Every structure is written in structure tokens, then in C-alpha cells.
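Scroll down for the structure; my scribbles are underneath it.
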Amino acid sequence: MTSHFIRHIIEQDLQSGKHAGRVQTRFPPEPNGFLHIGHAKSICLNFGTARNYNGRCNLRFDDTNPEKESQEFIDSIKADIQWLGFSWSGDIRYASSYFDALHEFALQLIRAGKAYVCSLTPEQAREYRGTLTAPGRESPYRTRSVEENLDLFTRMRAGEFPDGAHSLRAKIDMASPNINMRDPVIYRIRHVEHHQTGSTWPIYPMYDYAHCISDAIECITHSLCTLEFEDHRPLYDWILQTLDKASLHAAGDRLTTPEAYVLPRQIEFARLNINYTVMSKRKLKELVTQGCVKGWDDPRMPTLSGLRRRGYTPASIRNFCERVGISRSESVVDVGMLEHCIREDLDRNAPRAMCVLRPLKVTLSNYPAQQSETLQLPCHPKETAMGMRELPFERELYIDASDFEEVPPPQYKRLSPGAEVRLRGAYVIRCDEVRKDASGQVVELICSYDAATLGVNPQGRKVAGVIHWVPAREALDVEVRIYDRLFNKENPDDKSIGDYKQCLNPDSLQVLSGCKAEPSLRSAAPEASFQFEREGYFCVDRHDSSAERLVFNRTVTLRDSWAKISS
RNA sequence: AGGGGUGUCGCCAAGUUGGUAAGGCACAAGGUUUUGAUCCUUGCAUGCGUUGGUUCGAGUCCAGCCACCCCUGCCA
């Protein structure tokens, strides 16, 4: 566990007894899109912190803006969190289930003269708000009496007014240098169906108002959010401090006695950025709706469902979040870090197999056509507990076209005319003849095998190269999808690019059909990961693969030092 | 221009009350290897945005600059 400032704060609080040893966090997504790896950072932080300090972490849907939200997103978010390996404490929470309490607290603010119904149009309100450098002006409705405010708010709630006709505003300070404090709107009129509350409410609370109270209701001790909410913290504190503490306690979970009840503290941390991708929900949604990718779970997407389909494991993502750390400096993490994490996981846990992506036929001239033998290969070079698999060996095989060069470059260790190479787990072969078609394309190699080299190295000569292969007759025809980064610029958001879609990588998906996989893969289950030796890690596509037609997604390549040497 | 933040190795990121720069990724060089994979070893900031100051001593304290990020939704 790496140390970070939030842990320091929590440990201080634990030591001072601020919350009587209690740690209560929450993960509060708005159900308006799919979760991405940036959310994973927050999930790991919130759930991980609770786990670490023997505390609790709630899942709360921040559903105060029904227009953009849906049950579909709620379902996907729940599934993604569980897939990542976390479980929330108790029942799922919804800000919408606090609508009654929120409404009650609004009445309290009005009675205390701390909130008023404003009838400025949105355009007027913007004008009254002032600018970054100039103070705002007070709304002419700011001085309405408590009675009038109560009456108007009651009628807002009753649905008497059309959208936008009035709003409820907190009465704070129109001259504040912090624009969030210039009498922020806390309730707006919206005659729309809510996915949880139906048509019960024609008014909906704003985030700033609902979030802090929801935290207080759930007795959250540390409310962790991203940096852009920093300026909202004074408002978060103002609302909670302006409300009657005893009624806040009474309206909530009452996890403490009224005396021991402590208001939650908002703490901000930097959001996750990764190069060669975008992380904003708006842009991810756009990629989906404009057909730049095939869906929220397209394996090129940084969504959790996309990473899952790509073959990333929950453990690898958790590990990545741990390594990236938590700080307040905005940073851009190299994708290489993510790739390292999945390679580390899969190297240890994925069984090995052979699959030839670009088949080139090899005929062993000295291996009788009727002959065949069954070789035993370990499923993992180190984890012997993973057992063995069987692989037929016969006269006709396939190797990868890239493992043969007619004129080998310097230091080349693969097959070339007259050269020897080891077939992984089998014999050493020598290339005797190259057969080409009319266009000069190499279509077949005639080789001879050394029968004395199964499991032993040949005497008196060194065979450095090892290549993968599959038996031609028993090989499975499979489809392999090769993914590359979605964007070809480190920072697609860079202003100099204009629109981020300008730098979409046209080669981010390459579909290879007619790949030849070893027969042991026949029964591979959806989502199962394998290392295709010398190629990379691949998983069975959880949607498109079937027993009749296996489809593999390349999760990530193996590290390739030869690629560096040869280029 | 007002407010709020951030600046430690190419990328992340630790740095207790000031005491003489963790770790990971990447990269480089060796070694092992029937995956040019893995694994192992070694290397990789006299420097902590910058300029001054305080101090025996500063990434850590003070002051001034500079750069970048966020804030003018009845979005979250």
C-alpha cells in the first residue's frame, strides 16, 4: 500500500477520534453513462479505503438530473463494480430516495431566511451572476418574505409552474469571489419522468445541494471527489452548517449518537488521465453514437466493459489503480503502465497455447504422410500445476509467415533457406526449399525434421530460434481481432488537434480470419485468456465467439525486444 | 483580470517535527531460457518550476516571479 494524503487525513482522524474510529465512504456515480477506468480509480479509492480501515462504502446513484439518466446505466454500473471485485455496504442508495428529506431541508432553509424563490429567467440569472472578475448583483426576488417563498416553493412542488419559471436559490453572497457562492440554485423545475420516482416530482434538487446532504444522511466521514469540485467545497460546508445539525442526524442513518455526529468532509483528488485515449463521458458517448466504435464495450474503449471484453482482468485494473496512486497533481499516466499490469497478471495466470495468425504451410518431406504422434506440452512454463495439453504432430504444419525470411536480416533467429529452427515443444526443422506462386509470393516451405531433437538439443550445433506452429489437419480455424490504440496522438484533447476525432487511429482494429489455432483451444470458454506463445495475450470474445467459430481478442502483445532491434 | 489549485528522473509517485532524494513504469547493459516472453543482476535526479532569503544545514520554512489546470449550467 502506497501512502497518500487521503490516507494521512484518515489516519489523523482515526488518531484524534474524530469519528470514533468510523470510516464511511461512498461511490456516487450519476447513471448517465458507462463506467470507465477513471471511475475505477475512484472505486478502488473509496471501496479500498473502506476495506483498508474496516469501514463501509456505499454505492449511491447521484440521480438528480433524470433527463440524462436511465436504468440501463444503473444496471451496467452495478455490474461493472461487482466485476471489478467490490461490493457495497448494505442496500444501494439513490439520491432520489432522499427527495422527501431534501425537500424538507429546503423548507428549513426558507424558514431560516437562507433560501428564496427566484423568478429570474436563466438568461437574466446569468447576467446577474457577474463574471469571474466582477461581482454579481442581487436578484430583485432576493428579499421576498418567508411566507411568499414558502408559498411559491409549495406551488413549485405542486407542479403549478412551467420549467424554468422559478428556482430555489440559497441566499449566500452575490459578491463572493467564488462564483459557486453567488446564490446558487438548489432546486429547479423539470416536468420529466424520473427513472426511480416516476412523476412524483416536478422539481429536482441540484448536485451541490443534494450531494452534501446525501453524504450527511449516510453518515459519510470522508467524501472523496475529483479536483473540479474544489470550488464547491465552501458551498458543501455552507449548506450542511446552515442546516440544523440535529435534524440532519435525525433524517439519516443515525450511525452515531446525536452528540457524536460529525459532518462529512469533502476531500478532492486528481482524476485519472491516460495518454492515447479520452476519458470524458461526453466524448465516450459520442464515439459510441457516431459509430467510431461498436459500442460502450468495444474492446478499444477505456470503459470497464470495454477493458473487460479486451481481456483485462479485474485484478490488473485494481493493481493499476494502486500503482498510479492518489495525489492532487493532474497527471497523464502512460498506457504502458496499464499494459504492464495486464501482462504481469496474465503471464502468471494465463495458460499457453499456440495460434498462427498468418499461416504459412510447412511440409516435412522426411515425415511420412500417414504418421502422426501426440506431443505433451506444459500449459505454463513455470506453473506446473496448470498441467499439460496434447498437440498432434504430423507431416503438414503451419507456421507464421513472419517467422520466415528469404533473406534474413542480421541477428535473425527464425527460419530462412538452409537454416534451422526449433518448433516449440517439438522438433528442430531445416528449410530445404521455398515454393512460390506465380506472383512470387511464398506459399509453402519444404522442410526436413531432425528426429533426434524431441526434448533434446542437437549435438554439436546450436539452434537459437524457436517458433510456434500448429498441425495443419487438426488446427482450428479462428478469427482473431487485433486491437491497437484508438487514437494516434498522445493527447487527443490537445487544442491544436481541433476535434479529438481527428486523431482516431484508422488501424485500431484489424480482423484476421483464417487464423490457425491448436486443437486444445476448441473448448475455450468465453472470456478465457491465453498466451498465444510469441504473439501476446488473447481472450475469447464474450459476445461474438461460439463453439463453431471461435473469436479471440488480442488483449496486449508480449514485450518485443526483437521489434526494437529489427527496426 | 477575481477566486481556487498544482509544479520532485521520459511517465506516475513517496518524501515524519528542516539533516543531506523511496518505489513502480519506461529505458539501457549483462545473465538464464525449447516463448527475441518470463525471471535474475546492474545502471538510470549533487537534483526537487524559478529567483532570492532564513539556517551549521531546505524538496521540506519565508518572499517574489514563471508555467499549467479548474470556476461565469436552472449538468454532475
Side-chain angles (χ1 to χ4, degrees), chain A residues 2-4 8 28-30 32 62-65 67-69 118 120-122 125-127 129-136 163-169 176-182 184-190 203-204 206-208 210-211 225-234 268 270 275 281 322-341 343-344 347-348 352 354 377 381-382 411-414 421-428 453-457 463-468 531-536 557-566:
Chain A
T2 33
S3 86
H4 57 69
H8 291 325
E30 184 189 12
N32 66 347
D62 218 334
D63 54 350
T64 56
N65 186 14
E67 284 150 303
K68 296 182 176 169
E69 303 161 4
C118 180
L120 252 24
T121 65
R126 189 184 316 130
E127 192 188 315
R129 189 160 33 239
T131 69
L132 294 177
T133 51
D163 290 5
H166 306 283
S167 66
L168 184 68
R169 295 228 255 162
S176 172
N178 181 346
I179 292 174
N180 296 119
M181 300 297 271
R182 319 239 262 231
V185 171
I186 58 178
Y187 263 97
R188 78 285 219 181
I189 301 172
R190 283 284 177 284
I203 57 172
Y204 292 98
M206 298 287 290
Y207 163 84
D208 283 308
H211 201 91
C225 64
T226 44
L227 246 28
E228 67 270 25
F229 293 104
E230 220 170 344
D231 293 340
H232 296 238
R233 194 185 339 130
E268 312 84 17
N275 56 13
K281 236 185 243 180
E322 184 63 33
R323 283 180 197 240
V324 158
I326 299 293
S327 79
R328 287 175 65 85
S329 69
E330 346 208 350
S331 52
V332 182
V333 177
D334 196 306
V335 260
M337 188 92 91
L338 220 206
E339 294 174 346
H340 167 80
C341 290
R343 284 194 187 104
E344 186 178 67
D347 174 57
R348 188 163 38 240
R352 311 286 124 123
M354 291 195 283
L377 274 72
K382 289 177 182 163
Q411 299 176 71
Y412 194 70
K413 299 201 304 192
R414 307 174 188 183
V421 75
R422 153 120 19 222
L423 294 179
R424 173 86 195 179
Y427 301 90
V428 169
T453 56
L454 184 62
V456 287
N457 284 323
V463 177
V466 179
I467 64 173
H468 55 106
Q531 184 198 94
F532 287 170
E533 291 194 87
R534 302 206 316 126
E535 287 290 354
T557 62
L558 256 29
R559 285 186 66 215
D560 188 359
S561 55
W562 168 244
K564 286 168 198 160
I565 298 168
S566 59

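Chain letters run A, B, ... following the sequence lines, proteins first, then strands; residues in each count from 1. Since the structure is predicted, the reported quantities are computational estimates derived from the model, not experimental observations.
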Which part of the nucleic acid, if any, lies within contact of [X], taking any heavy atom under 4.0 Å across all strands shown: a base, the sugar-phosphate backbone alone, or nothing?
X	answer
A:Tyr204	nothing
A:Met206	sugar-phosphate
A:Ile326	sugar-phosphate

Next item on the list: Establish, with yes or no, whether the OP1 or OP2 oxygen of B:rA13 is under 4.0 angstrom from a side-chain nitrogen or oxygen of A:Arg328.
Entry: no

For the side chain of [X] and the backbone of [Y], is there at least one donor-acceptor N/O pair under 3.5 Å apart?
X	Y	answer
A:Asn178	A:Asp231	yes
A:Thr226	A:Glu228	no
A:Arg182	A:Arg129	yes

Check: Would you call A:Arg559-A:Glu339 a salt bridge at under 4.0 Å N-O?
Finding: no

Checklist line | Carboxylate-amine/guanidinium proximity below 4.0 Å for A:Asp347 and A:Arg352 | finding: yes

Check: Is there aromatic stacking of A:Trp562 against B:rG36, centre distance under 5.5 Å, plane angle under 30°?
Finding: yes

Notebook entry, point to check: Could you give the CG-to-P distance, from A:Asn65 to B:rC75, as a whole number of Å?
Noted result: 6 Å

Note to self: A side-chain contact here means heavy atoms from C-beta on lying under 4.5 Å apart; do A:Val421 and A:Val466 qualify?
What the structure shows: no

Margin query: When you compare the side chain of A:Ile186 with that of A:Arg169, does any pair of heavy atoms fall below 4.5 Å?
Written below: no

Item checked: 5' precedence on RNA chain B between A:Glu533 and A:Arg343 (nearest-nucleotide basis) -> A:Arg343

Next item on the list: Could you summarise the pairing of RNA chain B as dot-bracket text, marking Watson-Crick and G-U pairs under 3.5 Å with ( ) or [ ] inside the strand and | across strands?
Entry: .((((((..(((......[...))).(((((.......))))).....(((((..]....))))))))))).....

Side-chain donor/acceptor contact of [X] with base of [N] under 3.5 Å:
X	N	value
A:Glu535	B:rU35	no
A:Arg422	B:rU34	yes
A:Arg126	B:rG73	no
A:Asp231	B:rG3	yes
A:Arg559	B:rU38	no

